[in-house]
Amino acid sequence: MCYIQHLMFDESGMVATDGGVIAEGLVKRFGTFTALDGVDFRVAEGTVVGLLGPNGAGKTTTIRILTTLLRPDGGRATVAGFDVVREARVVRACIGLTGQFAAVDDDLTGRENLVLVGRLGRLPKTAAIDRADRLLEVFQLTDAADRALRTYSGGMRRRLDLAASLMVAPAVLFLDEPTTGLDPRSRLDLWDVIGELRGAGTTIVLTTQYLEEADRLADRISVIDGGRIIAEGTADDLKARVGGSVVAVTLAERHDAARAAGALAEAFALPPGEVSTDSEVGTVTVPVTAGGDALVAAVRALDAAGVRVADLVLRRPSLDDVFLALTGHHATDRRPEQPARVTGRAMG
Amino acid sequence: MRDPRRRAALPPGRVLADIGLVAQRNLRKVLRNPRLIVFSTIQPFMQLLLFAFVFSAVATVGGGLGYKQFVVPAVLVQTMTFAAMGAGIGIANDLHTGMIDRFRSLPIARSAFLVGRTASDSLRLGIQACLLVLAALAIGFRFQAGLHGAVGMIVVVVLFGIALSSFSAWIGLAVRDPETVQAAVFIPILPLVFTSSAFAPISRLPGWMQPVAEASPVTAAIDTARGLALGDDVLVQISGVHLHTAAWHFALWWVAIVGISTALAVRRYRLG
């Protein structure tokens with residue numbers, strides 16, 4: 001449902017929508033660079049879809065087209081049943097957007113920011129003030145409500161930005177890398193909030209570079225790389241693509257990585273490309289099918305190669321493994337941070 | 001459930017309300033930065049003192065007119081060149097922080113962002129111009145063509161500021177970086193101020209500079225401001241043009257600058 005009274009002149013001010021997001025063959029070029037090369041993308045009403053991909057994959061460009069900020073060079077898209085080019089203004093009345101860079105005003109207070117967005121989103125003044133108060137409470141910002149945003153921490157700003165995108169109860173909420181740059185504690189807080197919105201049935205499109213984030217928040221995941229969707233499904237579907245399990249080895253000596261990879265590739269009769277190594281951290285992962293036997297085989301191979309092992313586990317593939325299997329490269333250049341573990345350590 | 005009227009233009013009341021909200025937000029930002037207000041008023045005041053007391057000791061413009069009387073309208077016009085940079089810097093900041101994306105993703109009138117910016121800038125420029133006029137009166141400047149001349153001069157000065165602001169807004173949208181905006185606005189405007197009738201009558205400028213100065217939009221604005229502040233007779237005596245000629249000249253420049261800058265800025269804004 002979208003609040004578009006000013007457009008419909010409808011008594012209730014509400015209009016039923018087909019909900020969800022449909023994108024077909026979206027193309028966007030910047031000069032000679034093709035940012036999107038035929039993106040197909042679907043979000044059913046009431047679900048959360050994660051758009052997962054590395055920097056430069058086309059995530060933000062896709063979001064900018066779906067939120068009417070950018071015109072596609074090809075293809076078409078509808079949001080909440082409205083065309084993003086021909087019915088751009090109606091789409092704008094139906095969406096909430098939290099961008100990669102917090103789109104809130106530093107000089108205004110938290111409350112002023114929310115009321116401004118609410119009123120520009122067509123709420124009457126008193127309704128905007130009431131809703132701002134309620135959201136400030138939900139996002140635990142009531143104490144900071146009348147302080148200028150420049151005094152907020154990164155996590156507070158991001159929460160306020162999210163609150164701003166919820167001022168006019170959107171039919172579809174777009175979250176473009178909502179937790180990028182946040183400390184682990186704030187990231188967990190934000191995950192809780194997004195989880196609650198998901199529980200309330202909000203349709204959400206979420207972009208992220210963090211596999212863990214997509215795994216945790218999204219019902220379905222679309223993997224984007226080089227301006228194309230290269231895989232789509234639930235986290236489990238995608239993990240099943242890697243097949244079976246993964247043996248992950250943490251080496252005692254980082255410089256042993258190549259030797260360990262060679263020994264494991266030989267032991268499991270895999271082409272060297274299937275074994276992934278991270279020589280900076282000193283880890284080697286191998287996709288396997290044989291479960292417990294594989295663990296024994298790995299130990300023997302590593303022992304025979306004279307490699308000292310700090311840790312060795314058999315686990316279900318992570319989305320990073322999936323990404324590697326699909327694209328031949330890691331999802332992020334840096335290893336994704338792992339907030340849960342860091343927080344656990346800090347508390348212990 | 002679709003309604004064919006959904007693409008109807010926004011009602012004018014709505015557009016005005018959007019413009020008001022954007023303008024209110026900009027003014028709040030200005031008021032929250034008192035340092036900026038103080039400096040942007042003190043700087044031109046210092047300049048006023050410099051011209052009125054130091055330069056007037058050596059500079060003469062003939063016709064029995066004191067240099068202070070001659071230079072005050074010019075300092076006011078020049079101040080607008082500094083003040084107008086605020087528009088471009090503000091817009092570049094909004095691009096940088098993502099505020100423009102926020103506005104563009106809301107169902108508001110497309111014109112509201114730029115018109116709201118102009119509305120708040122006009123108010124800011126107007127307040128600054130009035131403060132400077134009070135300062136000028138305090139150090140002995142006198143209007144010689146009555147109250148309507150005084151009001152008219154302030155209006156012309158602010159209009160000139162709005163024209164420069166619209167140019168600066170386009171630069172802000174095109175350059176996107178607040179620091180670069182400062183240079184990009186200054187580089188074309190500063191030489192225009194010096195090659196004009198601002199600080200010396202055009203007849204006293206070097207020969208090659210005279211045609212440039214005569215055609216300059218800054219000369220048009222300053223001559224119109226002088227004519228209104230000091231009277232048509234005085235203007236003819238020091239500049240050789242009548243007030244109505246200068247005013248026409250100014251009006252044409254104003255329409256051209258505002259028209260072209262706004263068209264370019266709107267195009268930039270739409271492109272995102």
Side-chain angles (χ1 to χ4, degrees), chain A residues 2-10 14-18 63-64 67-71 81-82 86-109 112-113 115-122 125 128 148-150 161 164-165 167-168 170 174 176, chain B residues 1-37 89-91 93-113 116 120 176 178 267 269-272:
Chain A
C2 310
Y3 187 84
I4 48 175
Q5 188 184 31
H6 59 292
L7 298 164
M8 301 294 297
F9 309 103
D10 175 310
M14 304 292 270
V15 57
T17 64
D18 332 19
I63 296 292
R64 289 179 67 83
T67 54
T68 78
L69 297 177
L70 207 57
R71 268 169 173 266
F82 299 103
R86 283 181 297 110
E87 297 161 305
R89 200 192 288 148
V90 195
V91 170
R92 284 180 211 127
C94 296
I95 59 170
L97 168 65
T98 293
Q100 213 173 129
F101 303 102
V104 276
D105 197 316
D106 257 351
D107 294 321
L108 301 187
T109 68
E112 285 168 346
N113 265 292
V115 172
L116 174 67
V117 170
R119 295 198 63 198
L120 289 173
R122 298 290 173 267
K125 190 171 182 177
L149 241 64
R150 58 174 75 260
D161 195 15
S165 62
M167 275 301 289
V168 189
F174 292 90
D176 188 19
Chain B
M1 207 166 75
R2 301 286 189 85
D3 188 317
R5 283 172 300 181
R6 67 176 177 261
R7 298 192 63 195
L10 287 171
R14 223 19 278 187
V15 177
L16 281 177
D18 286 343
I19 292 170
L21 287 164
V22 173
Q24 187 190 37
R25 173 246 172 192
N26 294 343
L27 288 172
R28 275 198 173 128
K29 283 175 79 69
V30 173
L31 293 175
R32 302 273 154 88
N33 286 306
R35 258 193 327 181
L36 197 70
I37 306 174
I89 291 171
I91 283 180
N93 264 322
D94 283 346
L95 270 169
H96 196 69
T97 57
M99 270 313 276
I100 286 204
D101 277 356
R102 172 72 80 197
F103 285 128
R104 291 178 71 236
S105 74
L106 289 165
I108 62 175
R110 283 300 214 194
S111 57
F113 179 78
S120 55
R176 293 170 163 261
R267 195 166 152 268
Y269 179 72
R270 290 220 172 108
L271 288 175

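Note that the structure is predicted; figures quoted are calculated from it, not measured. So you know, we letter chains A, B, ... as the sequences are listed, proteins then strands, and number each from 1.
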remark   = Applying a strict 4.5 Å limit to non-hydrogen atoms, the region of Arg25(B) in contact with chain A is both

key: Contact class of Asn93(B) relative to chain A, heavy atoms under 4.5 angstrom   = neither

request  = Nearest 0.5 Å please: distance from the OG1 atom of Thr97(B) over to the CG atom of Leu149(A).
outcome  = 10.5 Å

request  = Drop me the distance from Leu106(B)'s CG to Phe113(B)'s CZ, to the nearest 0.5 angstrom.
outcome  = 12.0 Å

key: Most contacts with chain B, counted as non-hydrogen pairs under 4.5 angstrom, among Leu116(A), Val91(A), Thr67(A), Asn113(A)   = Leu116(A)

request  = For Arg28(B), check salt bridge (Lys or Arg N to Asp or Glu O under 4.0 Å) against everything at least two apart and list the hits.
outcome  = Glu112(A)

By side-chain contact (heavy atoms from CB on, under 4.5 Å) - contacts of Val30(B) (at least two apart) = Ile37(B), Arg124(B)

